[in-house]
Amino acid sequence: SSRIVQNVHGARLDGTLSTMPVAVRASVKGILDLLDISKSRLEIKAGQTLSLPGNLKSIAPALSDLSGSARLDANARLDMSQGRPRFPASVKLGGLSLAHAKSELALNGGSLELAFSNLLDMRSDPDGRMSFDLLRSGTIILERGDIHFQIEALHSILVEGCRFDWAGGRIGSQAFRINPGVEDYTVELYCDRVEMAQALEQFGMTQAQGGGTANGRIPVHYANGNLSFDNGFLYSTPGEKGVLKIKGTEILTAGIPPDTPQYGQLDLAAEALKDFSYDWARIRLNTQQRELVVSLELDGKPEKPLPFTY
């Protein structure tokens with residue numbers, strides 16, 4: 001709703017604007033000066049708590065499983081002082097939380113800051129920022145995320161860099177671009193002093209314990225809504241020895257007849273992994289037929305003599 005009042009110079013506007021599909025309500029105030037157009041102006045402000053999915057599910061049914069909330073503060077104004085229209089604008093989201101039950105995705109403590117010197121150019125100012133306290137995808141947990149980006153055009157978003165805490169260490173990426181019309185990307189994540197036991201735990205070895213850090217590179221490929229890994233690796237910090245204790249290794253011999261040579265080899269390896277002192281270690285990550293394959297290579301020896309006789 002709005003109210004327009006005429007005056008000797010033109011008109012004054014005062015009202016509210018409702019936008020779909022997330023039910024944003026904004027106040028609108030403006031002045032139209034027909035005698036001096038440079039004095040004309042329009043200002044739009046919004047400040048409210050948003051709840052998701054709202055009406056998004058009517059546009060994208062896949063979002064019907066999405067839930068969340070955020071505090072929105074946004075403002076924009078039409079500036080005619082230079083004789084041509086400019087539309088500076090800024091958007092802030094705080095207290096952002098999202099959850100998608102079907103994909104086991106959850107985000108907590110999120111925030112976003114984005115500014116435009118002129119929204120009409122559809123190019124944001126450099127160093128837009130998105131951050132979060134925690135992002136969970138299945139068993140993978142990222143913390144203290146910090147993403148810097150710029151909208152270059154409707155078809156191009158420049159991600160200037162990403163930094164996250166993961167498994168007791170840090171991971172990050174170099175700059176890359178996102179095109180909303182493209183669904184095939186590869187982004188290389190660089191890992192620094194990641195706790196090896198914590199990394200193995202998040203990759204499915206839920207009972208891994210021990211010390212030792214690792215560094216490496218993990219290329220993440222996104223295509224048609226699916227994530228995959230292509231020859232990713234983590235290697236132990238040079239000169240730093242460690243001890244790994246992995247419980248539940250009985251799964252290595254599951255389904256293998258006990259009287260076969262293969263069973264004996266895997267049984268020996270399973271027992272060694274329960275308490276293994278390594279000089280160096282390497283984790284390899286690949287996706288095969290949409291399944292994550294994690295391989296662990298160790299050079300060292302068991303901490304204690306193994307209970308086997310020959």
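All values reported here derive from a predicted model rather than from experimental measurement.
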Sidechain N-carboxylate O distance under 4.0 Å for [X], [Y]:
X      : Y      : result
Asp79  : Arg86  : yes
Asp146 : Arg129 : yes
Glu303 : Lys274 : no
Asp121 : Arg123 : no

Q. Salt bridge (Lys or Arg N to Asp or Glu O under 4.0 Å) with Glu297: which residues, sequence neighbours excluded?
A. Arg282, Arg284

Following the transitive rule for hydrophobic clusters with a side-chain heavy-atom cut-off under 4.5 Å over Ile, Leu, Val, Met, Phe, Trp and Tyr, establish whether [X] and [Y] coincide in one cluster.
X      : Y      : answer
Val243 : Ile246 : no
Phe229 : Leu189 : yes
Leu266 : Leu200 : no
Ile256 : Leu268 : no
Tyr190 : Tyr235 : no

Q: Could you walk me through whether Ile218 and Leu285 pass the side-chain contact (heavy atoms from CB on, under 4.5 Å) test, one step at a time?
A: CA-CA 8 Å; Ile218 304 178; Leu285 306 168; 3.7 Å; yes

Heavy atoms of other groups near [X] [atom1], more than 12 under 6.0 Å:
X      : atom1 : result
Gln174 : CD    : no
Arg144 : CZ    : no
Arg84  : CZ    : no
Arg170 : CZ    : yes

Would you confirm whether [X], through its side chain, and [Y], through its main-chain N or O, come within 3.5 Å as a donor-acceptor pair?
X      : Y      : value
Thr139 : Gln202 : yes
Ser124 : Ile151 : yes
Thr260 : Pro257 : yes
Ser90  : Ala115 : no
Asp125 : Ser117 : yes
Tyr185 : Phe176 : no
Asn118 : Pro88  : no

Q: List the steps and the verdict of side-chain contact (heavy atoms from CB on, under 4.5 Å) for Asn231 and Asn286.
A: CA-CA 5 Å; Asn231 197 29; Asn286 284 285; 3.9 Å; yes

Q: Carefully, step by step, assess Glu43 and Lys29 under the rule salt bridge (Lys or Arg N to Asp or Glu O under 4.0 Å).
A: CA-CA 5 Å; Glu43 186 171 21; Lys29 297 181 182 295; over 6 Å; no

Indicate whether the side chain of [X] and that of [Y] have a donor and an acceptor atom separated by less than 3.5 Å.
X      : Y      : answer
Ser38  : Ser81  : no
Asn215 : Thr237 : yes
Gln265 : Tyr263 : no
Thr213 : Glu195 : no

Q | Step-by-step side-chain contact (heavy atoms from CB on, under 4.5 Å) determination, Ile178 to Leu158 | A | CA-CA 6 Å; Ile178 297 175; Leu158 172 65; over 6 Å; no

Q: Would you list the pairs meeting ring-ring contact (aromatic ring centres under 6.0 Å, His included) in which at least one residue belongs to residues 116-152, sequence neighbours left out?
A: Phe132-Phe164

Q | Chi angles and distances behind the side-chain hydrogen bond (donor to acceptor under 3.5 Å, both in side chains) call for Ser111, Ser131 | A | CA-CA 5 Å; Ser111 65; Ser131 62; 2.7 Å; yes

Q. Can you check salt bridge (Lys or Arg N to Asp or Glu O under 4.0 Å) on Arg193 and Glu240, steps first, answer last?
A. CA-CA 11 Å; Arg193 301 190 69 81; Glu240 182 182 283; 3.4 Å; yes

Q) Do Leu142 and Ile171 pass the side-chain contact (heavy atoms from CB on, under 4.5 Å) test, and can you show the C-alpha distance, the side-chain angles, and the key distance before you say yes or no? A) CA-CA 9 Å; Leu142 302 177; Ile171 63 174; 3.8 Å; yes

